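Below you'll find the structure, written out as structure tokens, and then a few comments.
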2 protein chains.
Amino acid sequence: MKVKSLDRSPSLPEEIVASLTSALHAGELRPGDRLPSEQALANEFGVARTVVREAISQLKYDGVVQSRVGVGAFIAQPQERTAFRISPACFQKRKELLKLLRLRNGVVIEFAADAALARSKRDIARMEAILKEMREAIADSEHGAERHFEAERQLIHVIAKMADNEHALNFIVMIDGQIAEKLRSVAVKNTKATELAAVAIEEQARLVEAIKHGDPVAARDKARKHYDNAARRLADRADLADV
Amino acid sequence: MKVKSLDRSPSLPEEIVASLTSALHAGELRPGDRLPSEQALANEFGVARTVVREAISQLKYDGVVQSRVGVGAFIAQPQERTAFRISPACFQKRKELLKLLRLRNGVVIEFAADAALARSKRDIARMEAILKEMREAIADSEHGAERHFEAERQLIHVIAKMADNEHALNFIVMIDGQIAEKLRSVAVKNTKATELAAVAIEEQARLVEAIKHGDPVAARDKARKHYDNAARRLADRADLADV
DNA sequence: AATATCAGGTTGTCAGACAACTGGTGACCA
DNA sequence: TGGTCACCAGTTGTCTGACAACCTGATATT
């Protein structure tokens, strides 16, 4: 029905980028090193120069390489990078996934305090609607787990939006979007939903309450309690696949 | 001497990326919209199709657009993005810079606690050497401010490294590298160094102490005190240029 | 010995071509 | 009339070859 044909034959530039970044990650390419010329890479990979150029242009976009006309392309210093990127490889290992989750949670926790300071009535109404949706989801034996999962995400997004820092918002949305895709199936499957969800909802209700009261310290505290617990509950689950 | 010829004539693909992203940021392009065909864009911008392709390949790399053979290229949903990027435009406004600083500080504060849990003797020695460098820098009337600035950055990097989360480390190094370039001149110029620096060093010494004792709560607390204060001191400075 | 010139290599850009693929149109047929 | 199918124009992905601008190092010249 929804097989969706996950062919995904990776494009040539993608493969070259992957090859170069893995070489970089493996230490075969180090900051300051000069890349082979575009023509040489094209020959090596058996593709046209345009393909190599597209690959290198992506690396340049991230500040991972810098090129000088007439000279060549060079691996830049780590501090020169202009993008934080999540590669598919990050999700291969369970550990990596949990570390990304930790990073997302850390930012959310920190900015929950800012949210408490900048809250508006609209925001509060929004959050309470989300809590209501969570509570209703418990009764939904069919899609309840999925609804709860999505509601949790929405709460995070609302908090991030409240904090009045678009960079933090972008960051949270980006990470969350990436890990959510991987976590959804785990969160939905095999969930002995109700009792765990009830605890989680209580935690989040306290967080919302703190934000509502405009108490940044309490908001941070409640946020930490919930998101640390949520991460622990997830880590304890045996069915979080490790490839 | 070190003028270094900042010519920086932006490349054609760069300009097109900038044009498209600004159109996207301005709401002229919205998620789900279809981009003009590569040939149409090439005509519009007066460049070759290869240039347009390099630009779009960069956008695809970030998950900002997705393309399908035979159909076209489309603006993706925000949750689809795979990269958090700092564009040069972020530094034009003083406010943006402070928000980026807030984001960096938030992550550092949060992971200072993790650092306290995962500290090693090597790390502690490293941190104490950095504190020593800061204290010595006070006496250096010529390069003291710059030395202090760099030492503060190194302390952040060491803490990030300690926390055993390479994603957080990457993120901090990236953001810090970007804002440092913009802050260094401000931090160094017109610094009535000694008295402010002494306060900052004391704050950081307490942070190091907390990490040394393996106390995550104290580490987080001290980190928050220092980095919030540092941000406030910076924001209070009148010479932080606003373009 | 110091300087000017040149040749080769490298990146940036251009132009044109073709394959694979998609969506819709219109012809054809039952 | 209604459904099926071949076809066509448009699009992306890739390839090829070319040239300009530029840099480096070697060579020739003074």
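Each chain gets a letter, A, B and so on, in the order the sequences are listed, and its residues count up from 1. What you see is a predicted model, and the numbers here were worked out from it, not measured in a lab.
Spacing between atom CG of A/L12 and atom P of C/dA19 amounts to 17 Å, rounded to whole angstrom units. Atom CD of B/Q66 and atom P of C/dC21 are 19 Å apart (whole Å). Rounded to an integer number of Å, the gap from B/R34 CZ to C/dG23 P is 11 Å. Rounding to whole angstrom units, CG of residue A/N43 and C1' of D/dC15 are separated by 13 Å. One atom, CD of A/Q39, and another, P of C/dG9, lie 12 Å apart when rounded to the nearest Å. Distance A/E54 CD to D/dC15 C1': 12 Å, rounded to the nearest Å. Between the CZ atom of A/F45 and the P atom of D/dG13 there is a distance of 19 Å, rounded to whole Å. Atom CG in B/L35 sits about 19 Å away from atom P in D/dG10, given to the nearest Å.
Taking the six-membered ring where tryptophan is involved, the planes of A/F171 and B/F84 are perpendicular, since the angle between them exceeds 60° and thus also 30°.
Comparing D/dC23, D/dT12, C/dT13 by their nearest atom to the side chain of A/V71 picks out D/dC23. Relative to the side chain of B/V51, the nucleotides D/dT12, C/dT13, D/dC23 differ in distance, and C/dT13 lies closest. Between C/dT11, C/dT22, C/dA20, one nucleotide has an atom nearer to the side chain of A/E38 than all others, and that is C/dT11. Comparing D/dC15, C/dT22, D/dG13 by their closest approach to the side chain of A/V47 singles out D/dC15. Considering only the side chain of B/A73, D/dT12 comes nearest among C/dG12, D/dT16, D/dT12.
Close to C/dA15, at under 4.0 Å from its OP1 or OP2, lies no side-chain N or O of B/R49.
A donor-acceptor pair shorter than 3.5 Å cannot be found between the side chains of B/E133 and B/H148.
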Take A/R102 and B/E110, measure what side-chain contact (heavy atoms from CB on, under 4.5 Å) needs, and give me the verdict at the end. CA-CA 10 Å; A/R102 170 79 185 92; B/E110 188 63 25; 3.3 Å; yes

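Counting any heavy atom pair closer than 4.0 Å across all strands shown, A/R68 reaches sugar-phosphate atoms only and no base atom. A/S67 comes within 4.0 angstrom of sugar-phosphate atoms only, judged by non-hydrogen atoms across all strands, and of no base. At a threshold of 4.0 angstrom between heavy atoms, the contacts of A/S37 are confined to the sugar-phosphate backbone, with no base atom among them.
Residue order along DNA chain C, read from the 5' end via each residue's closest nucleotide, puts A/G70 first among A/T50 and A/G70.
With hydrogens and angles disregarded, no donor-acceptor distance shorter than 3.5 Å links the side chain of A/S57 to the backbone of B/S57. A donor-acceptor contact shorter than 3.5 Å is absent between the side chain of A/D62 and the backbone of A/V64.
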